[in-house]
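Per chain, numbering begins at 1; letters A, B, ... match sequence-line order. In this text, all values refer to a predicted model and were calculated from it rather than measured experimentally.
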Amino acid sequence: MVVRLTEVEAYGGADDPASHAHRGWTPRTLPMFDTEGTLYVYRSYGIHWCMNIVTGPRGTAGAVLLRGGVIGRGRSVAEARRGRQDHLADGPGKLCQALGVTGALSGSSIGEGPVDIELGPDQDPSTIVATPRIGISVARDRPWRYLLPE
DNA sequence: CAGCGGATCGCCT
DNA sequence: GGCGATCCGCTGC
């Protein structure tokens, strides 16, 4: 299963009031303090899963929430999982459903799992657009949402 | 140990 | 553009 990312958001640790790691670690958020490449997957609104890739180093909380992407190899499987042929991964919950990612993968490494991240054709950092994060009620001023070129 | 509310989604108007 | 669904981890008593 391959995904090319189009939208991500950064979350920090103690210094980021919007982060789940803001008040230190709990059993659920412990993966956020692990090494780079670790997955932190949490349940959202009791229904959806949302996945982060931890940025490391160990002991420091930091991760990138995968908010959207385009499914490459494995598209038919993703369509079956989503029950539709469009809007497969244009949202953090949809992206996890399309990729088959659940909380069972939290704490594991991105490299060991079924998901591969593909780089887009345009790798010029200057084409990445930064905007405020969405869906949060605090620290809205930080432009830590990144839109990657399609 | 009970209550709250959220890093969402999809369907309705 | 607005709202209901639907959990459970965390906070505060």
_Selection: residues 105-115 of chain A, any non-hydrogen atom under 4.0 Å of DNA chain B_ = none

_Residue list, salt bridge (charged side-chain N to carboxylate O under 4.0 Å, His left out) with A/Arg133, at least two apart or on another chain_ = A/Asp16

*Nearest-Å distance for atom pair CG/C1', residues A/Leu65 and B/dT8*: 11 Å

*How would DNA chain C look in dot-bracket form, 5' to 3', counting Watson-Crick and G-U wobble pairs with both distances under 3.5 Å and writing | for bases paired to another strand?*
|||||.||||||.

*If you measure only the distance, is there a donor-acceptor pair under 3.5 Å linking the side chains of A/Arg81 and A/Gln97?*
no

*Taking atom types as modelled, is there a side-chain donor on A/Thr35 or A/Arg58 under 3.5 Å from an acceptor on the other?*
no

*Under a 4.0 Å heavy-atom cut-off, which of residues 129-148 of chain A touch DNA chain C?*
none

Residues 114-125 of chain A side chain polar contacts: donor-acceptor under 3.5 Å, at least two apart:
residue	atom	partner	partner atom	Å
A/Asp122	OD1	A/Asp124	N	2.9
A/Asp122	OD2	A/Thr127	OG1	3.2
A/Asp124	OD1	A/Ser126	N	3.0
A/Asp124	OD1	A/Ser126	OG	2.9
A/Asp124	OD2	A/Ser126	OG	2.9

*List, by chain and then residue number, the residues other than A/Leu147 in its hydrophobic cluster (Ile/Leu/Val/Met/Phe/Trp/Tyr, side-chain heavy atoms under 4.5 Å); write none if there are no others.*
A/Val129

*Tracing side-chain links under 4.5 Å among I, L, V, M, F, W and Y, which residues wind up in one group with A/Tyr11?*
A/Trp25, A/Leu30, A/Met32, A/Phe33, A/Tyr40, A/Tyr42, A/Val54, A/Leu65, A/Ile136

[M] and [N], which share atom name [atom1], separated by this distance in whole Å:
N      : M     : atom1 : value
B/dG5  : C/dC3 : C1'   : 16 Å
C/dT6  : B/dA2 : P     : 23 Å
B/dG10 : C/dC8 : C1'   : 22 Å

_Tell me if a side-chain donor or acceptor on A/Arg75 pairs with a main-chain N or O of A/Gln85 at a distance below 3.5 Å._
yes

_Donor-acceptor pair, side chain of A/Ser44 and main chain of A/Trp49, under 3.5 angstrom_ = no

Looking at every non-hydrogen atom in both residues, tell me the closest pair between [X] and [Y] and how far apart they are.
X        : Y        : answer
A/His22  : A/Ala14  : ND1-O, 3.0 Å
A/Ala130 : A/Pro143 : CB-O, 3.6 Å
A/Gly93  : A/Cys50  : N-SG, 4.4 Å

[atom1]-[atom2] distance between [X] and [Y], expressed to the nearest 0.5 angstrom:
X        : Y       : atom1 : atom2 : result
A/Arg82  : A/Ile71 : CZ    : CD1   : 9.5 Å
A/Ser108 : A/Leu39 : OG    : CG    : 4.5 Å
A/Arg28  : A/His20 : CZ    : NE2   : 5.0 Å
A/Glu7   : A/Glu9  : CD    : CD    : 6.5 Å

Might you list the N or O atoms of the protein lying below 3.5 Å from N or O atoms in nucleotides 9-13 of chain B, with each pair's distance?
residue	atom	partner	partner atom	Å
B/dC9	OP1	A/Pro92	N	3.1
B/dC9	OP1	A/Gly93	N	2.7
B/dC9	OP1	A/Lys94	N	3.1
B/dC9	O4'	A/His48	NE2	2.9
B/dG10	OP1	A/Arg82	NH1	2.6
B/dG10	OP1	A/Arg82	NH2	2.8
B/dG10	OP2	A/Lys94	NZ	3.4

Can you give me the N/O atom pairs linking the protein to nucleotides 6-8 of chain C at distances under 3.5 Å, or say none if there are none?
residue	atom	partner	partner atom	Å
C/dT6	O2	A/Tyr45	O	2.6
C/dC7	O2	A/Gly46	N	3.4

Check nucleotides 9-13 of chain C for protein N or O atoms closer than 3.5 Å to its own N or O atoms and list the pairs.
residue	atom	partner	partner atom	Å
C/dG9	O3'	A/Arg28	NE	3.2
C/dC10	OP1	A/Thr26	OG1	2.0

*Does A/Tyr11 stack onto the base of B/dA7, taking stacking as ring centres under 5.5 Å apart and planes under 30° apart?*
yes

_Closer than 4.0 angstrom, basic N to acidic O: yes or no for A/Glu79 and A/Arg84?_
no

*Partner residues of A/Ser109 under the side chain to side chain contact (heavy atoms under 4.5 Å, CB included) criterion, sequence neighbours left out*: A/Glu112

_Contacts of A/Val64 that satisfy side chain to side chain contact (heavy atoms under 4.5 Å, CB included) - sequence neighbours left out_ = A/Val8, A/Thr55, A/Leu66

